[in-house]
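These notes are about the structure you will find just below.
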Amino acid sequence: MLKLEKLTKVYPARPGEFAGGIRDADIDLSAGTFFTLLGPSGCGKTTTLRCIAGLETPDSGRIIVGGTPLYDRQAGIAVPLHRRNIGMVFQSYAIWPHMSVFENVAFPMRVSKDRRYSGAEIKTAVGEALDIVGLGGYAQRSATQLSGGQQQRVALARAIVHRPKLLLLDEPLSNLDASLREEMRLELKRLQRELGITAVYVTHDQSEALAMSDVIAVIEKGRMVQVGSPRDIYFSPVNEFVAGFVGHTNILRGRVGADGAGVGPCRSVRLEGGGEIRCRARNGVGPDVAISIRPEDIVLDAGAGPAAAADGTQNVLRGEVTAASFLGNVVHYEIRPENSAQIFRVEAAPATPFDLGSAVTMRFPPEAALAVARG
Amino acid sequence: MLKLEKLTKVYPARPGEFAGGIRDADIDLSAGTFFTLLGPSGCGKTTTLRCIAGLETPDSGRIIVGGTPLYDRQAGIAVPLHRRNIGMVFQSYAIWPHMSVFENVAFPMRVSKDRRYSGAEIKTAVGEALDIVGLGGYAQRSATQLSGGQQQRVALARAIVHRPKLLLLDEPLSNLDASLREEMRLELKRLQRELGITAVYVTHDQSEALAMSDVIAVIEKGRMVQVGSPRDIYFSPVNEFVAGFVGHTNILRGRVGADGAGVGPCRSVRLEGGGEIRCRARNGVGPDVAISIRPEDIVLDAGAGPAAAADGTQNVLRGEVTAASFLGNVVHYEIRPENSAQIFRVEAAPATPFDLGSAVTMRFPPEAALAVARG
Amino acid sequence: PADAASQELVQAAEKEGTVVWYTSMIVDQAVRPLVAAFEKKYPKIDVQFSRASSSDTALKIVNESSAGHVMGDVFDGNGAYIVLRPANLVEPYVADSAAEIPAEYKGPDGYWAAPNVYYLSAAINTDMVSKDDAPKTYQDLLDPKWKNQMVWSVVPQESGAPGFIGNILMTMGQEKGMDYLHKLAAQKITNMDTSQRTVLDRVIVGDFPLALMTYTHHSPISAAKGAPVDWLRMEPVIASPNTVGLVRGAPHPNAGKLLIDFILSKEGQTVLAKGMYLPTNPNVAAKVPDLMANGPRPFKVTMMTPEVVSEGLPKWIKIFNQLFR
Amino acid sequence: MTIEQDWPRVSQQKAGARASWLRLDQTRVLVIALAIILGILVAPPAIILLLRSLSITNPDATVGGWTLTHYLRFFTNPDLYRTLVNSLTFALFSTVVALLFGGTLAWLVERTNTRFKALAYLTTVISMGTPYILYVSAWLFLLGRSGPFNDAWRTMTGTRQVLFNPYSLTGMILIEGFLWSPLVFLLLSSTFRSANADLEEAARMSGAGVLRTVWSVSIRMATPAIAALALFVFIRAIEAFEVPALVGMPGNVDVLTTDVYRSIKESIPPDLGYASAYSVVLLVAVAILLHFYGKLSRNAGRYSTVTGKGYRPRQFDLGKWRPVGDALVIFNFLIVLVLPLLALLWLSLLPYMRPMRPSGVAQFSLANFATVLSSEYYRTLAINTLIVGVVAASVGMILALFTGWLSARRKAGAQFVDQLATMPLVFPGIVMGVAFLMIFLSVPLPIYGTIWALAIAYTVRYLPYGLRYTYAGVLQISNELEEAAGASGATPLQSLRRVIAPLLSPALLSGWLFIFLIATKELAVAVLLSGPSSPVVAVGMYDLWVNGQGGELAAFGLIWAAVMTLVASVFYLAGGRAGGAGAH
Ligand SMILES: Nc1ncnc2c1ncn2[C@@H]1O[C@H](COP(=O)(O)OP(=O)(O)OP(=O)(O)O)[C@@H](O)[C@H]1O
Ligand SMILES: Nc1ncnc2c1ncn2[C@@H]1O[C@H](COP(=O)(O)OP(=O)(O)OP(=O)(O)O)[C@@H](O)[C@H]1O
Ligand SMILES: [Mg+2]
Ligand SMILES: [Mg+2]
């Protein structure tokens, strides 16, 4: 459905240096895919979106939607944006201040080319859209009288009201509270499934990305470093950056031991800080690796911990609690292991709290530790 | 430090009806407090902030900062905003498009009344501020060439550059990715502690609120329904709304049994759906109550579960998995109990997944269930 | 000799040092040459002039004096005089140099005198109208061939359409005159609310073959440069003396008198004559003698003295509005 | 609905106002200061206007005795109806012409990738720099009976009839329309320059084509500017003397002002009573119009395009329509600039006026230019005029900046100041001239007869225009940008200087340019106020004009236009660079 080939659009700052944009983006999505662009602020998500929308002219590459090329540098094709039949939510909501909420949402139908909508049709369609975003009562409000979140929701309603084939969403929920955001996620997902819309979704909230997406692309400094399913991205990140960016993790640097010895697929890695750890390894990672251990995979025990830990099946580290922060359903602990400066981050249930300074033992199975490329 | 007395500012739509704003806000914060306004979109957070800043003229009430009244309807006091010496981050970043990033951030110092800053001072101060928000290299960029998140960070830098006594932050991190957001949180917190700044923070991210705040006010439809410490808010919400809004929870409605009988502080509550549950109760809640059970407090077992569950010490419910969504560190399950339509939401570690449709048992201790006022 | 002003006047004037002249004359044909000549003769006196239409000139002086802040010393232009006289803002002064000027160019009791005279008559585009087709008399204007072909300036002064009407009424008498005017109105003359000169240019470019009420001296000026234009001796031709006068309460009365003296003098008039103006002093030769009523080819004139005009103008304008709008 | 929406906001306004009345902050001081300054500048002429309209002018030019005859004359005028209809048609259509022509051009130049944009500016500046009478007469010459068009037509068809008669209502409309299209161009170009591309792109994304986008977003967002322009051109056309006199009268097309014009001309000294009465009537009408216009700022948020979030000015890609855009720009260049200038050039090269025929070429000479350039008289004229122009434009725009800002932000008492500053719009030149004549004569200061008298008069006369530029400009700037400045500790004046003014620079530039260009060719006031020591170009022009030295006049006009263009361009470029983000 959506296909990007070597799509490039960079903003040159001083000659040579890279100021921002997107480089050599390659993507091929089947219809109905929920595709998410994930990446740090300023990495090029919006730029990519704007290129697909036709708001920016790429420097090179091709954009193909449903078989028809929308942009092709060589062939000199560049379909004007209003012919692309795309729904879009702008990061700056771009609500028209001179129109009422209703008019804002109705606009795409009023100007639709494929067919004229009757007043009644528009009224119902807009009504639905507003209900979906939870602004039922606000139709007649002037757009200037809305709160930030409400404006954002109007933008969303405007993007979905005419059921486009392709939906581009630039952080559409960033200003909504958790529960509302969740509601809207579900609504969006439902809509997208029912109508078989292909959605390109920009978010900075990884849990959102993991929960909603069929495919995720992680962008770093304008390059797509990994494209894959949520579980791929989360459980087998290609490198340190992805591992660190998607979800919290503890990164240890080390060198794969010369002997590939170990139980099953396990490797043993000699840590820079000293000490050794047994872990899975992405195949093909060179001797110098970064090891990622998710906080939630580490089990905390008070003091020396149970004898069970003694046997060689698990990695065991002793340390001391240096910080704890309460997040409701979990508590984040920071733990300094003996003989290493590297602070560990561990999640545990709030039921049995550990005090600051108390000695603890960290346990995690080799499967929970993954060796990936550095950088 | 910051004191609000019956602060009211409403936007009446049609006469009578309440369109939005804030009503009868009462707060008294000691210096250096990190105070968070939490509430659904459109509940009146920004309005409150704008009143404190002096951008809106309240309908009634008083605003006192550090002993000096900034606004007092009766006394006819209304200190103009530029004399209030505050730092503010606007929800719409309000970056000045005609200035470079540097000039945007330098502005508060250039116009400062209490003293003139030398060019050098300004340069260093701005440099620091930009580093804090991670925009070191961007000083000379034109403000119109920034990404959304970068603009937001410029706004933040501008607010903190002149070390104000009072800091008003309206969703200052909403457009940043998880890891960056975390970094900035810590930076903010550090700054606020070191300088003893009092901060009023608006966020829609409850984990952020819980992690950062000393005091949280939960606002519903313009009213502050609960003001308290993060743990208060999370563990003993005053009512259904707060319980539901701060963190996920499962709400069951029921009636406290006539007999106050039960182990320790426990009450037994007869559920509307039928069945009975034993739980803690906020003292003074009437016979009709809502019971909140946090998803993370519920333990899931396959099938009938261990015999342990049989004894009366724990509440036990059998049900079937109807949905599961993967969030990285946890999996969210939706579970329909036998003999009840009420869907339960449960969090479990991804280690041992349950399949859709499989039968499970839910266990939770009475302490994990809290009876609160309805509505 | 007559054109040498009395010594004491000169001294008094030189003491005042400057003189301010509100003029309605053309700056580089008349004003600047005159000023130059005057300052050459009296180096100690500096002449400042300000050019405006005679009605604006009047407006200024009236306001200045009512504010007790008179700036102008000397003024010229019929229009101005007609206003200033009844407003009692004109200082009578009989210049010695005026002695040679015929009586008809001087006010009854020394309120004004004219250094030059304007004649107004019809003019044709010689490319479009041959000498013999050209109308000879006012009656000829009624010929159907001139219908829609005539243009005139309708500035509400004796030098515009109202002047023409006045001339007719004065020469033909009331009812014969009115009868003629009715017929003329039927010829549908094009009204142009611009200066007579601009109207003449319309004839030169050929927008119209025939124009009424043009300054006779303008035609030879253009003709000299090759323009296809000539003026018609349609008698009686309108003669309008250009009055010069002294402002009452002038800040520099003596210098003012001296300037007037100079303008009226033979010397002054010679300068004017160079600029194609028509001198009133019989001893000064006009550049184109034919233009003079008393020249080699004399013609009858109707003299529009300020007195005549101020008495008749309102009536003429009324008639004009009734018949020709 | 709107009422219901409005009343609470009004009451909020009041509440805000009341609170702010409790203290004497900068804005209040500013309002009061402006009220005083403007009061001093505007009130006297206004009062004189009113008095004149109610009093008899005696034949000896003294003013005395009260009367209503002037008003009666207006309302009992037998062909009031006919002239009224003519006036309205004239005003309405010339407004449409000006808006369509200037507006389209402004949009093309500022918001699209059309080529030859420089031409558009050149055209505007030069055509505004060219003296009024010259411009009009050039057109009359072109379209006149013996003008090239009719000439060609006759030679082709052999008839003695004319193809087009400029002395007609159509002619009046076209000429007046073209005369004002530069004003439209300048104001709208500054407006469009500050348009927010995000809002337009959102419309495109919703499936709207370029035109639809322009119609439903760009134009709507520009409402304040457009409304202001409509207001202006309409009023100016209703009260215009020149075109009705020069073009209308010969064609016997009478409009309301024809009668007024006569009333001034027919009596010496001019009887200003009727003219004053007329302008008083207009004043009332304008006041009403302005009242509604003022409502625009009630919810200013509707027009704020320069926001603090994702504000990126970008341009439309016309795609295959680009050549059409180019064509339009060039057409404008030819019609509004090249043709009239050619006519002037033709006249200036000939010893006397001749129709545009090859035969004329034989007589070409530079004599006229030589005379002008050699005469030091003209040089003084030029210098005086430049000084007056620069002063008037600068002072005018400063006052306009403050007034426009206060009024657009609905500060307490600002409406009044606004009204005050707008009054001069309806003063006929001559009435204003006389008024200032009387004022300067009666004040002890030695202003009368100096160029400062002119400078002051022009400042007042053109303040209304400057004001509309700034007012519409401020409405475009989102209030939050100012709030942010305030929250950062900037006093209102500081935020005005550091935030509003820079963002407003496009409007300020255009306004300055407009006043400068139009003031330097103003005649009615000039003739009355320029004393012996302060002659200005306009007076020199008038002299040449009545003297019919067409050639010399044309030469002078061309040289003058060149000078103005030079000055204007220098200023514009300099300002444009200073203008920062606002200007491109
Ligand atoms: N100028 C106004 N006129 C009328 N109603 C308004 C105005 N501004 C805000 N409101 C309404 O007041 C309510 C509170 O607005 P506010 O901006 O405080 O919400 P908020 O808590 O900041 O929401 P969000 O988290 O979405 O920003 C909203 O329902 C909004 O519609
Ligand atoms: N018009 C421009 N000129 C120069 N650089 C630009 C321009 N627009 C964006 N950039 C730069 O390009 C980079 C990518 O911008 P983009 O808006 O795509 O980031 P993003 O991924 O959307 O970030 P965010 O999550 O903060 O919105 C940023 O570093 C930004 O500074
Ligand atoms: Mg972005
Ligand atoms: Mg808000």
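Small disclaimer: the values here were computed from a predicted structure and weren't measured. Throughout, a chain's letter reflects where its sequence line sits, starting with A, and its residues are numbered from 1.
- Going from atom CG of C:Asn63 over to atom CD1 of D:Ile439 covers 11.0 Å, rounded to the nearest 0.5 Å.
- For a residue to count as touching a neighbouring chain, one of its non-hydrogen atoms must lie under 4.5 Å from one of that chain's; by this rule C:Arg202 touches chain D with the side chain only.
- Put simply, of C:Thr57, C:Asn321, C:Asp193, the one with the most heavy-atom pairs under 4.5 Å next to chain D is C:Asp193.
- We find the CE-OG1 distance between D:Met249 and C:Thr190 to be 14.0 Å, quoted to the nearest 0.5 Å.
- Between D:Phe141 and C:Val205 there is a side-chain heavy-atom pair separated by less than 4.5 Å.
- For C:Tyr22, the part lying under 4.5 angstrom from a heavy atom of chain D is the side chain only.
- Looking at C:Asn78, neither its backbone nor its side chain comes within 4.5 Å of chain D, counting heavy atoms on both sides.
- Here the CG-OG1 distance, from D:Leu140 to C:Thr198, works out to 11.5 Å after rounding to the nearest 0.5 Å.
- By the 6.0 Å contact criterion, CD on C:Glu311 is open, its count of non-hydrogen atoms from other residues, nucleotides or ligands being 12 or less.
- The environment of C:Lys147 atom NZ is dense: over 12 non-hydrogen atoms of other residues, nucleotides or ligands sit within 6.0 angstrom.
- Taking chain D as the reference chain and counting heavy-atom pairs below 4.5 Å, the highest number among C:Ile189, C:Leu200, C:Asp56 is found for C:Asp56.
- Both the backbone and the side chain of C:Val27 come within less than 4.5 Å of a heavy atom in chain D.
- More than 12 heavy atoms of other residues, nucleotides or ligands sit less than 6.0 Å from atom CH2 of C:Trp146.
- Of all heavy-atom pairs spanning C:Ala67 and D:Leu441, the tightest one is CB-CB, 3.6 Å.
- Between C:Lys188 atom NZ and D:Asn252 atom CG the span is 8.0 Å, to the nearest 0.5 Å.
- For a residue to count as touching a neighbouring chain, one of its non-hydrogen atoms must lie under 4.5 Å from one of that chain's; by this rule D:Pro351 touches chain C with backbone and side chain alike.
- Note that the NZ atom of C:Lys225 and the CG atom of D:Leu350 stand 11.0 Å from one another [nearest 0.5 Å].
- In this structure, chain D has no heavy atom under 4.5 Å from any part of C:Ser66.
- Residue C:Ser310 does not touch chain D at all, counting heavy-atom pairs closer than 4.5 Å.
- Note: C:Ala227 leads C:Pro228, C:Ala227, C:Gly226 in heavy-atom pairs under 4.5 Å with chain D.
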>> Checking C:His69 against D:Phe440 for the side chain to side chain contact (heavy atoms under 4.5 Å, CB included) test, could you report, in this order, the C-alpha distance in whole Å, the side-chain angles of both residues, the deciding distance, and whether it holds?
In response: CA-CA 10 Å; C:His69 187 303; D:Phe440 293 139; over 6 Å; no

